Enquirer: 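Sending over a structure as structure tokens; questions will come in a sec.
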There are 2 protein chains.
Amino acid sequence: MVDMSTKKSRLTVADVASAANVSKATAARVLGGYGLASETARKAVLEAAERLGYQPNDLARSMSTGRSGLIGVVVGDIENAFFSLAVRGISDTARAAGLNVIISNSSEQITEEREMVSVLLRQRVAGLIVAPTDARQLDHLKSAITSGVPVVTLDRWSPDLPADAVCGDDRASAISVLQHLQGAGHRHVAYVTAMTSRSGRLAAPEDVGISAVRERIEGFLAASDQAGIPPPRQMVFTNATDDAATGRIVDKVLAESPRITALLASDSLVGARLFRALTNRGVRLPRDMSLVSWFDADWTRVTSPQISVVDQPTYLFGQRAAERLIRRLKGDTTEPLRLLIPTPLIDRGTVGPAPRCL
Amino acid sequence: MVDMSTKKSRLTVADVASAANVSKATAARVLGGYGLASETARKAVLEAAERLGYQPNDLARSMSTGRSGLIGVVVGDIENAFFSLAVRGISDTARAAGLNVIISNSSEQITEEREMVSVLLRQRVAGLIVAPTDARQLDHLKSAITSGVPVVTLDRWSPDLPADAVCGDDRASAISVLQHLQGAGHRHVAYVTAMTSRSGRLAAPEDVGISAVRERIEGFLAASDQAGIPPPRQMVFTNATDDAATGRIVDKVLAESPRITALLASDSLVGARLFRALTNRGVRLPRDMSLVSWFDADWTRVTSPQISVVDQPTYLFGQRAAERLIRRLKGDTTEPLRLLIPTPLIDRGTVGPAPRCL
DNA sequence: ACCAGATGTGACACCGGTATCATAAATAAA
DNA sequence: TTTATTTATGATACCGGTGTCACATCTGGT
């Protein structure tokens, strides 16, 4: 906490009131836009406020009304275009409803997420929009809800949490991606994510805290099952957090047997890293390897070939999430709603026929 | 069924105090971490607070102390990686100092910027970090400063504003870019920006509100002058706000005579649009046209050839800006400082020798 | 044992608004 | 004209913390 400024006491309603020769109550009514006031009083007060340069103190207002015009947002990483676009959707919608937005990063770590939620609750935000980093640790969100602060989860979801959720249809899109790949002859597909884990590999979807990723993996298993392909084991590569680590993953992928013929990138950052690692190693897309990335980032249309993507309209995610939250703030107490937003596959140029296995 | 209608009277220090059998004042001292308290009292209060699940109200705290733990940030567009990276730098630094961050978008429009600044001041933010959209309209920032709220400008700067500034060294980097291009034989270079203007073309740097862009143009003029090249007229193309508009600009550029042989993109979004428009039209980089983009976005290393860029380390911009602001909040009243951060040219693959003019 | 200084504690005013209520003035109804 | 209603206004108690101050209690020095 830091000293706010010089002790220069800002103007208050009382100052305006005395300048306008009315009581504090009357000035407050005029300036706050509530209650009654005669035309003469109104004019006098507004004139005085204008002349003195009065600016209301929203802190004080929030204090006495009990409602704050703030909503809190906790995302994994604003730096990621996925989230910054969603945040833009949230901000635009919130602002239109007269709400301000405080944004925090969890860095996809549960301890930071807890901390940020706690800070936001202390700021008495009216509601929260959170992309929970671990679907198995939601107690902080639950207690927010029980203490009366509505929560909307973004991109992620849990049946345990009585909150609205706005998500992509991850299971369905995963299935359609895998079916599309299977149609092109791919039988061994790996999923690469920046999620961290000890071993660098994951087999069971239960081990995945981010629900969106878990659902995709479940989708793959379902699609494999349907196609009569033995469920792939340890098909998830984790820790693709930078170019170096992603390079090592690509090396492992290329050494795998039976040969992996297609890669799925969990988000556009991972997608870009994979693309760079593959092209650096002389792997040609899509001849030697197919690639599909989640999120239609800007860069996916400057490569040649252009990247095939699962298009997640996250601005819309943000809009919808803010809209749900605003409904709740207006008193809607109906059952929590899970809003599934379609995320269609846009097959540009990086899905080709599977190379023949040896 | 959850009863949402319960009046959510949150816990207060008074509640904790009575549960711990001490006075409100003592409980407040313990919980607020100020003043004196005996070990027994402290333990009783903390135990009671823990048991009841007390959470302090930062609004009330800010109200009575006069200091708020919030800083306001106004950027052109969080969606733009340039700013989202800077915002991350700001957030990380601010958080480490116990400050929270409210982020707003101005959409590079002065009316919105004014509105956002006003909203933030009403929230009684302790300080502001702003990327002012028009160096000629700064009255709202000036009045913030005179009313005691310190301001740091980000990426932009004006001699009229008594505020710290953290900027790239736009003039110098523009000169070095142009000299580099001149060394490769380029004499006719166009600058393309998403800034909007009526005519679509600009000649005079005075017409440019965004100081960073103005300084670059001044740098070009200086570099041209130095090289004995007649100062280019109307070398700035505006309104490159989307792919369609950028395509039209590229058409105009290609029709220009004498032939324009190099393009400069004002930011990475414009850069991506130019790249797409050029490759769509079959223009080969760098054989037919050279391209340099400001900001080293992720996508600049997935194209072939990779894009030559002016590297603006905006995370650092954000960090430095937050650090300056925190110093001010701690009471530093020395002269405003303008911090210039080097933005070196990274010449990857899109600068080639100028094609011979006909 | 006695007083100085340090330590602990509670009562209460304050921050800048909002909201309630009683009263005063203006208007309508009887 | 009198009473009932509406409209306008000011006094004042909040909201949930902080911070001042007076008083009480506990040291310790001589």
Side-chain angles (χ1 to χ4, degrees), chain A residues 1-45 48-49 52-70 121-126 147-148, chain B residues 7-45 49 52-69 121-126 147-148:
Chain A
M1 201 69 75
V2 184
D3 195 345
M4 176 155 142
S5 65
T6 55
K7 53 199 282 176
K8 177 168 225 160
S9 53
R10 308 284 232 93
L11 292 170
T12 74
V13 278
D15 299 320
V16 176
S18 65
N21 277 319
V22 296
S23 72
K24 181 188 162 193
T26 300
R29 276 189 285 261
V30 172
L31 296 169
Y34 61 95
L36 297 166
S38 67
E39 205 44 50
T40 49
R42 159 165 284 106
K43 259 173 52 182
V45 169
L52 300 175
Y54 169 76
Q55 278 201 315
N57 183 335
D58 279 350
L59 250 57
R61 177 169 294 162
S62 302
M63 262 282 308
S64 63
T65 58
R67 51 180 160 268
S68 92
L70 291 173
L121 290 176
R122 287 208 291 272
Q123 292 285 344
R124 292 296 187 267
V125 292
S147 76
Chain B
K7 191 127 198 236
K8 49 176 167 193
S9 53
R10 308 287 231 92
L11 293 170
T12 74
V13 278
D15 300 319
V16 177
S18 65
N21 277 320
V22 295
S23 72
K24 182 187 160 193
T26 301
R29 275 190 285 262
V30 172
L31 295 169
Y34 62 95
L36 298 166
S38 66
E39 204 44 50
T40 49
R42 160 166 284 104
K43 259 174 50 183
V45 169
L52 300 175
Y54 169 77
Q55 278 201 317
N57 183 334
D58 278 350
L59 250 57
R61 180 169 293 164
S62 301
M63 261 283 307
S64 63
T65 58
R67 57 191 91 112
S68 96
L121 290 176
R122 286 207 293 269
Q123 293 284 345
R124 291 298 187 267
V125 292
S147 76

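None of the values given here were measured: they were computed from a predicted structure. Each chain gets a letter, A, B and so on, in the order its sequence line appears, and its residues count up from 1.
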Enquirer: If you check every side-chain atom of A:Ser38, which of D:dG17, C:dG8, D:dA8 has the closest atom?
Expert: D:dA8

Enquirer: Take the protein atom CD of B:Gln123 and the nucleotide atom P of C:dG16, then report the distance between them rounded to whole Å.
Expert: 16 Å

Enquirer: Please give me the minimum heavy-atom distance between A:Leu52 and A:Leu11, naming the atom from each residue.
Expert: O-CD1, 3.1 Å

Enquirer: Could I get the full list of side-chain hydrogen bond (donor to acceptor under 3.5 Å, both in side chains) partners for A:Ser68, not counting sequence neighbours?
Expert: none

Enquirer: Atom CG of B:Leu11 to atom C1' of D:dG16: distance rounded to whole Å?
Expert: 12 Å

Enquirer: With A:Arg42, which residues qualify under salt bridge (Lys or Arg N to Asp or Glu O under 4.0 Å), at least two apart?
Expert: none

Enquirer: Rounded to the nearest angstrom, tell me the gap between atom CG in B:Asp15 and atom P in D:dC15.
Expert: 11 Å

Enquirer: Tabulate below the donor-acceptor pairs under 3.5 Å that side-chain atoms of residues 30-41 of chain B make, not counting sequence neighbours, or state none.
Expert:
from    : atom 1 : to      : atom 2 : distance (Å)
B:Ser38 : OG     : B:Thr40 : OG1    : 3.1
B:Ser38 : OG     : B:Ala41 : N      : 3.2

Enquirer: Are there runs of at least three consecutive Watson-Crick or G-U pairs touching DNA chain C, with each pair's two distances under 3.5 angstrom? Give them by first number.
Expert: C:1-26 with D:5-30

Enquirer: When you measure from every atom of DNA chain C, which of residues 28-36 of chain A have a heavy atom less than 4.0 Å away?
Expert: A:Ala28, A:Arg29, A:Tyr34

Enquirer: Does any part of the side chain of B:Val16, heavy atoms only, come nearer than 4.5 Å to the side chain of B:Val13, both counted from C-beta?
Expert: no

Enquirer: Side-chain polar contacts of residues 54-61 of chain A - donor-acceptor pairs under 3.5 angstrom, sequence neighbours left out - could you list them?
Expert:
from    : atom 1 : to      : atom 2 : distance (Å)
A:Asn57 : OD1    : A:Leu59 : N      : 2.8
A:Asn57 : OD1    : A:Ala60 : N      : 3.2

Enquirer: Taking atom CE of A:Met63 and atom OG of B:Ser62, what is their separation to the nearest 0.5 Å?
Expert: 10.5 Å

Enquirer: Is A:Arg122 touching bases, backbone alone, or none of the nucleic acid, heavy atoms closer than 4.0 Å?
Expert: nothing

Enquirer: Expressed as a whole number of angstroms, how long is the span from B:Lys43:NZ to C:dG8:P?
Expert: 15 Å

Enquirer: How many whole angstroms separate atom CD of B:Gln55 from atom P of D:dG17?
Expert: 11 Å

Enquirer: Mind checking side chain to side chain contact (heavy atoms under 4.5 Å, CB included) for A:Arg67 and listing every partner two or more places apart, or none if nothing turns up?
Expert: A:Thr65

Enquirer: May I ask you to verify if any side-chain N or O of B:Thr26 is less than 4.0 angstrom from the OP1 or OP2 atom of C:dG10?
Expert: yes

Enquirer: Select base, sugar-phosphate, or nothing to describe what A:Ala14 touches, counting heavy atoms under 4.0 Å on all strands.
Expert: nothing

Enquirer: Can you list, by residue number, the residues of residues 17-25 of chain A that have a non-hydrogen atom closer than 4.0 angstrom to DNA chain D?
Expert: A:Val22, A:Ser23, A:Ala25

Enquirer: Taking atom C1' of C:dC14 as reference, at what distance in whole Å does atom CZ of B:Arg67 sit?
Expert: 14 Å

Enquirer: Give the minimum heavy-atom separation between A:Ala44 and A:Ala20, together with the two atoms involved.
Expert: O-CB, 3.7 Å

Enquirer: Of the nucleotides D:dG17, D:dT9, C:dT9, which one has an atom closest to the side chain of B:Ser64?
Expert: D:dG17

Enquirer: Would you say A:Tyr54 reaches C:dG16's phosphate, i.e. side-chain N/O to OP1/OP2 under 4.0 Å?
Expert: no

Enquirer: For nucleotides 23-28 of chain D, give me every protein contact, N/O to N/O, under 3.5 Å, one pair per line with atom names.
Expert:
none

Enquirer: Select one nucleotide: of C:dG16, D:dG17, D:dT9, the one nearest the side-chain heavy atoms of B:Asn57.
Expert: D:dG17

Enquirer: Between D:dT9, C:dG17, C:dT18, which nucleotide has the shortest distance from any of its atoms to the side chain of A:Thr65?
Expert: C:dT18

Enquirer: Looking only at side-chain atoms of A:Thr12, point me to the closest of D:dG19, D:dG16, C:dG17.
Expert: C:dG17

Enquirer: Kindly write out the residues that satisfy side-chain hydrogen bond (donor to acceptor under 3.5 Å, both in side chains) with A:Ser18, not counting sequence neighbours, or none if the list is empty.
Expert: none

Enquirer: I need the CG-P distance between B:Leu59 and C:dC15, as an integer number of Å.
Expert: 17 Å

Enquirer: Go through D:dG16, D:dG17, D:dG19 for me and flag the one nearest to the B:Arg61 side chain.
Expert: D:dG17

Enquirer: Tell me the closest heavy-atom pair linking B:Asp15 and B:Thr12, and the distance in Å.
Expert: OD2-N, 2.8 Å

Enquirer: Tell me: CZ of B:Arg10 to C1' of D:dG16, nearest whole Å?
Expert: 12 Å

Enquirer: Restricting to side chain to side chain contact (heavy atoms under 4.5 Å, CB included), what partner residues turn up for A:Ala25, sequence neighbours left out?
Expert: A:Ser23, A:Arg29

